[in-house]
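The structure displayed is predicted, hence computed values, not measured ones.
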Amino acid sequence: MMILPRRFYDRPTVEVARDLLGKVVVHGGVAGRIVETEAYLGLEDGAAHASRGLTARTKVIFGAPGHAYVYFIYGMYHCLNLVAEAEGSPGCVLIRALEPILGMEKMQQRRGVERLEALTSGPGKLTVAMGIDLNLNGADVTQGDFTVRRDGFLLDFPIAEGPRIGIRKAADWPLRFWLRGNRFVSKG
DNA sequence: GGTAGGATGGGCT
DNA sequence: GCCCATCCTACCC
């Protein structure tokens, strides 16, 4: 599988969010195919962390594309984003759900559940299953043992789009993308 | 089938 | 002090 090059991410965030569907996140011996994403934009997007401006937390989002933005939420979960847009221009894509394709036993150990549909069907679940935490914040996903790749298979479900989940501001913006009918999507 | 409530801690006003 | 880009359990149709 070919690692996605940095230029893949150096585009408008919405395009990157849509095109990440079907790509494969690899971390060590564990991998999953992306089936659901959300785009988070810049200053104009009240739901985006970057709308607060450049801070210690958001500096990764303003940095070079092709890096991971990982943050801690609700006191116990982590969420994985991939940074898009040129350096200096904020934008990132939240990975909301994966279809497990490699290392399912490891995922089951980390999650403490058996059902495949329960392993990675949500942003907090998939970071546990993949072993992703703050240590990977800022990591370059175009090289090393934490990467995103394309596998050459065609998408087997149509792409759907709709409002993002779990936010209050800009709640009606259609920036969520998913593979309609895929059983690993978090909702719908 | 559905949902209300609680766990739990960092970021920012 | 308030707000979260969440998840699981208990409980109720």
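Residues from residues 31-40 of chain A lying near DNA chain B, meaning a heavy-atom separation below 4.0 Å, are absent. The stretch residues 8-24 of chain A has no heavy atom under 4.0 angstrom from DNA chain B at all. Using a 4.0 Å cutoff on non-hydrogen atoms, no part of residues 102-129 of chain A comes near DNA chain B.
Judged purely by atom type and a 3.5 angstrom limit, A:S186 has no side-chain atom pairing as donor or acceptor with the backbone of A:A97. No donor-acceptor distance shorter than 3.5 angstrom exists from the side chain of A:T58 to the backbone of A:A50, with no hydrogens or angles considered.
Note on A:R52: nothing from the nucleic acid sits closer than 4.0 angstrom, heavy atoms only.
Nearest heavy-atom pair, A:L179 versus A:V185, reported as atom, atom and distance to 0.1 Å: O-CG2, 3.6 Å. Annotation for A:G42 and A:P90: closest pair CA-CG, 3.7 Å, computed over non-hydrogen atoms. The nearest pair of heavy atoms linking A:V83 to A:A64 is CG1-O, 3.6 Å.
No side-chain heavy atom of A:T127 sits under 4.5 Å from any side-chain heavy atom of A:D133. Counting heavy atoms from C-beta on, the side chains of A:V14 and A:E161 never come closer than 4.5 Å. Looking only at side-chain heavy atoms (C-beta outward), A:F146 and A:I132 come within less than 4.5 Å of each other. With a 4.5 Å cut-off on side-chain heavy atoms, A:Y9 and A:T142 count as touching. At a threshold of 4.5 Å between non-hydrogen side-chain atoms, the residues A:F8 and A:V148 do not count as touching. In this structure, the side chains of A:R150 and A:L4 come closer than 4.5 Å at one or more pairs of heavy atoms.
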What side-chain donor-acceptor pairs closer than 3.5 Å can you find for residues 101-109 of chain A, not counting sequence neighbours?
from   : atom 1 : to     : atom 2 : distance (Å)
A:Q108 : NE2    : A:E114 : O      : 2.8

Enumerate, atom names and distances included, each donor-acceptor pair closer than 3.5 Å involving a side-chain atom of residues 65-77 of chain A, sequence neighbours excluded.
from  : atom 1 : to     : atom 2 : distance (Å)
A:H67 : ND1    : A:G138 : O      : 3.1
A:H67 : NE2    : A:R6   : NH1    : 3.4
A:Y69 : OH     : A:H49  : ND1    : 2.6

Below 3.5 Å, can you tabulate the donor-acceptor pairs from side chains in residues 20-30 of chain A to any protein atom, sequence neighbours excluded?
from  : atom 1 : to     : atom 2 : distance (Å)
A:K23 : NZ     : A:D19  : O      : 2.7
A:H27 : ND1    : A:M130 : O      : 2.8

Identify each atom pair where a protein N or O and an N or O of nucleotides 1-11 of chain B are less than 3.5 Å apart, giving names and distance.
from  : atom 1 : to    : atom 2 : distance (Å)
B:dT8 : O2     : A:Y74 : O      : 2.3

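Legend: residues meeting side-chain contact (heavy atoms from CB on, under 4.5 Å) with A:P158, ordered by chain and number and at least two apart, are A:R180.
Along DNA chain C, the stretch of nucleotides lying under 4.0 Å from any heavy atom of chain A spans, 5' to 3', C:dC4 to C:dC8.
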Reading 5' to 3' and counting Watson-Crick or G-U wobble pairs with both distances under 3.5 Å, write the dot-bracket notation for DNA chain B, | for bases paired outside the strand.
|||||||.||||.
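Annotation: salt bridge (Lys or Arg N to Asp or Glu O under 4.0 Å) contacts involving residues 36-63 of chain A, sequence neighbours excluded, comprise A:E36-A:R96, A:E36-A:R176, A:E38-A:R96, A:D45-A:R164.
Through side-chain heavy atoms spaced under 4.5 Å, either directly or across other Ile, Leu, Val, Met, Phe, Trp or Tyr residues, A:L94 is tied to A:Y40, A:I167.
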